[in-house]
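Chain letters run A, B, ... following the sequence lines, proteins first and then strands; every chain starts at 1.
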Protein chains: 2
Amino acid sequence: MQGWEDVRAEVLRRIRARDWPPGALIPGEEALATEFGVARATVNRALTALAEAGVVERKKRAGTRVSELPVRRARLEIPVIRLDVLSRGLAYGFKLLADRMVPAPVPVAARLGLPEHAPMRYLETLHLAGGRPFVLETRWLNPAVLVGEQPDFSAVSANEWLVTHVSLVSGDIAFTAEAAAAREAEVMGVASGTPLLVAERTTYGTSGPVTLVRLAHAPGHRVQMTF
Amino acid sequence: MQGWEDVRAEVLRRIRARDWPPGALIPGEEALATEFGVARATVNRALTALAEAGVVERKKRAGTRVSELPVRRARLEIPVIRLDVLSRGLAYGFKLLADRMVPAPVPVAARLGLPEHAPMRYLETLHLAGGRPFVLETRWLNPAVLVGEQPDFSAVSANEWLVTHVSLVSGDIAFTAEAAAAREAEVMGVASGTPLLVAERTTYGTSGPVTLVRLAHAPGHRVQMTF
DNA sequence: ATGGCTAATATGTCTAGACATAATTTGAGT
DNA sequence: ACTCAAATTATGTCTAGACATATTAGCCAT
């Protein structure tokens with residue numbers, strides 16, 4: 001009954017109960033430690049966790065205060081597509097539609113910070129769930145990450161190969177709604193102009209940009225997050 | 001040169017460099033503490049941070065191993081719409097289009113776990129950025145959270161009032177791409193059928209469900225996350 | 001008033017040692 | 001072989017005390 005999680009729970013309860021309303025300064029670590037009968041380090045652990053969650057804001061000398069506009073953070077766990085499909089209870093499969101070297105188009109090179117028209121590997125993969133189109137993956141891959149390796153992207157999808165073979169350091173992901181272009185519509189078996197949820201990801205590794213991928217999801221797809 | 005962040009950085013470097021490949025067991029805290037010349041608690045802090053980030057997995061007695069399929073987690077910071085607009089350098093405004101009590105439709109009641117046809121407050125708000133439609137907010141609000149309060153949703157948007165006046169405990173958010181329905185198209189000034197990025201949020205407070213809100217974003221809207 | 005120095009203070013982090021807890025390994029005993 | 005209990009061991013957490021660092025508040029001189 002005196003672990004840091006108990007301290008966190010009690011502080012959180014008081015904030016939720018508005019004993020300490022938004023913007024208020026809460027007692028210092030020393031005071032809370034005395035009140036709860038624990039060491040200051042334990043209170044520190046609890047408050048640090050609440051700060052990471054965005055519930056309080058902490059500044060040296062200024063103390064700890066309850067966030068005014070608690071930024072709600074949702075965590076998205078980006079799954080490997082195969083596992084995503086399997087977790088929905090559907091059979092997974094994929095078809096490699098294209099695999100060729102192409103000079104990078106200007107917008108692609110710009111996004112990844114590569115020289116214009118640098119040679120890149122262009123891959124098109126259609127992921128299937130229960131035999132039906134699930135996601136159309138359009139990928140630009142920096143061939144520099146493949147030095148010495150000859151992955152067979154028709155046996156293991158590029159999506160999965162990269163996760164296990166390349167250390168990804170950072171990146172970003174953006175969601176948009178777009179009308180299915182003619183080719184997309186045909187490949188995915190939907191009417192042209194159908195709204196598709198599109199995810200665009202860029203990822204960087206230890207030694208530079210790795211890939212830019214566009215995932216066009218089948219109609220009705222939901223990207224779900226909890227907070 | 002001997003803080004926990006340095007330890008984290010060095011361990012991360014070795015993982016990235018594949019000194020410790022995916023699946024491998026890394027040395028125990030004691031061993032690392034000795035090697036780096038710090039206390040075990042410092043190594044523990046570093047490894048705990050890496051575990052939270054999903055880079056390693058830790059189990060008592062079994063030790064710490066490098067994650068096989070490092071789940072990439074992206075964090076979405078859900079902004080108050082007004083601040084989102086302002087951060088884009090545009091003037092913010094909103095229009096309250098509807099505000100009435102309506103018996104909850106079955107799907108709404110079901111999602112929030114309320115009895116069917118329970119009376120709910122239905123709100124429609126059009127958020128404007130630089131005078132142009134930005135988001136159409138369609139909200140079902142549990143009137144139980146308003147006991148004793150009489151917020152004027154034409155003065156402060158429901159979006160913002162809730163964040164500051166109700167303690168939100170948990171919730172979920174889902175993104176989909178949908179074709180603009182006739183009414184949506186008219187209100188937002190786009191052609192009917194235009195793909196819109198739709199966010200659907202349900203939120204729960206300390207004393208039950210709070211609200212279900214649907215945010216239909218203007219064409220071209222991007223929801224951006226970093227990881 | 002204004003600018004800048006100084007002291008006070010709350011959080012940030014580290015250490016060394018201790019006990020708690022969970023999971024694996026080992027060793028009986030059947 | 002098999003089962004169950006005990007010993008082992010790596011991580012999880014706590015304590016008490018210390019020093020580091022950022023930031024504020026107060027003071028003094030201009």
Nearest of D/dA16, D/dA22, D/dG12 to any side-chain atom of A/A39?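 Nearest listed nucleotide: D/dA16.
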Which listed nucleotide (C/dG12, C/dA22, D/dA16) is nearest to the side chain of A/A41? D/dA16
Between [X] and [N], does any side-chain N or O lie under 4.0 Å from OP1 or OP2?
{"X": "B/R40", "N": "D/dT11", "answer": "no"}
{"X": "B/T42", "N": "C/dT15", "answer": "yes"}
{"X": "B/R61", "N": "C/dT25", "answer": "no"}
{"X": "B/N44", "N": "D/dG12", "answer": "yes"}
{"X": "B/K59", "N": "C/dT21", "answer": "no"}
{"X": "B/T64", "N": "D/dT11", "answer": "yes"}
{"X": "B/T48", "N": "D/dT11", "answer": "no"}

Using whole Å, what does the distance between atom [atom2] of nucleotide [N] and atom [atom1] of [X] come to?
{"X": "A/I26", "N": "C/dA10", "atom1": "CD1", "atom2": "P", "answer": "13 Å"}
{"X": "A/R8", "N": "D/dC14", "atom1": "CZ", "atom2": "P", "answer": "11 Å"}
{"X": "A/R65", "N": "D/dT24", "atom1": "CZ", "atom2": "P", "answer": "10 Å"}
{"X": "A/L25", "N": "C/dT9", "atom1": "CG", "atom2": "P", "answer": "15 Å"}
{"X": "A/E30", "N": "D/dA16", "atom1": "CD", "atom2": "P", "answer": "11 Å"}
{"X": "B/R58", "N": "D/dT9", "atom1": "CZ", "atom2": "C1'", "answer": "14 Å"}
{"X": "B/E52", "N": "D/dT11", "atom1": "CD", "atom2": "P", "answer": "16 Å"}
{"X": "A/E5", "N": "D/dT13", "atom1": "CD", "atom2": "C1'", "answer": "10 Å"}

Specify the residue among A/A62 and A/W4 whose closest nucleotide of DNA chain D lies further upstream toward the 5′ end. A/W4
Contact summary for B/A74 and A/I173, nearest pair of heavy atoms: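 Smallest interatomic distance, heavy atoms only, reads CB-CG2, 4.1 Å.
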To check you understand the geometry: which heavy-atom pair defines the closest contact between A/A218 and A/P133, and what is its length?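 Answer, listing the atom of A/A218 first, then A/P133: CB-O, 3.7 Å.
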I'd like to know if the side chain of A/R65 and the backbone of A/G23 have a donor-acceptor N/O pair within less than 3.5 Å.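 Answer holds: yes.
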Take the angle between the ring planes of A/F153 and A/W161 and call it parallel below 30°, perpendicular above 60°, tilted in between.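 The arrangement is perpendicular - the two ring planes meet at more than 60°.
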Which is true for B/R45 with a 4.0 Å heavy-atom rule: it touches a base, it touches only sugar-phosphate, or it touches nothing? sugar-phosphate
Spacing of B/D99 atom CG and B/T125 atom OG1 [to the nearest 0.5 Å]: 8.5 Å
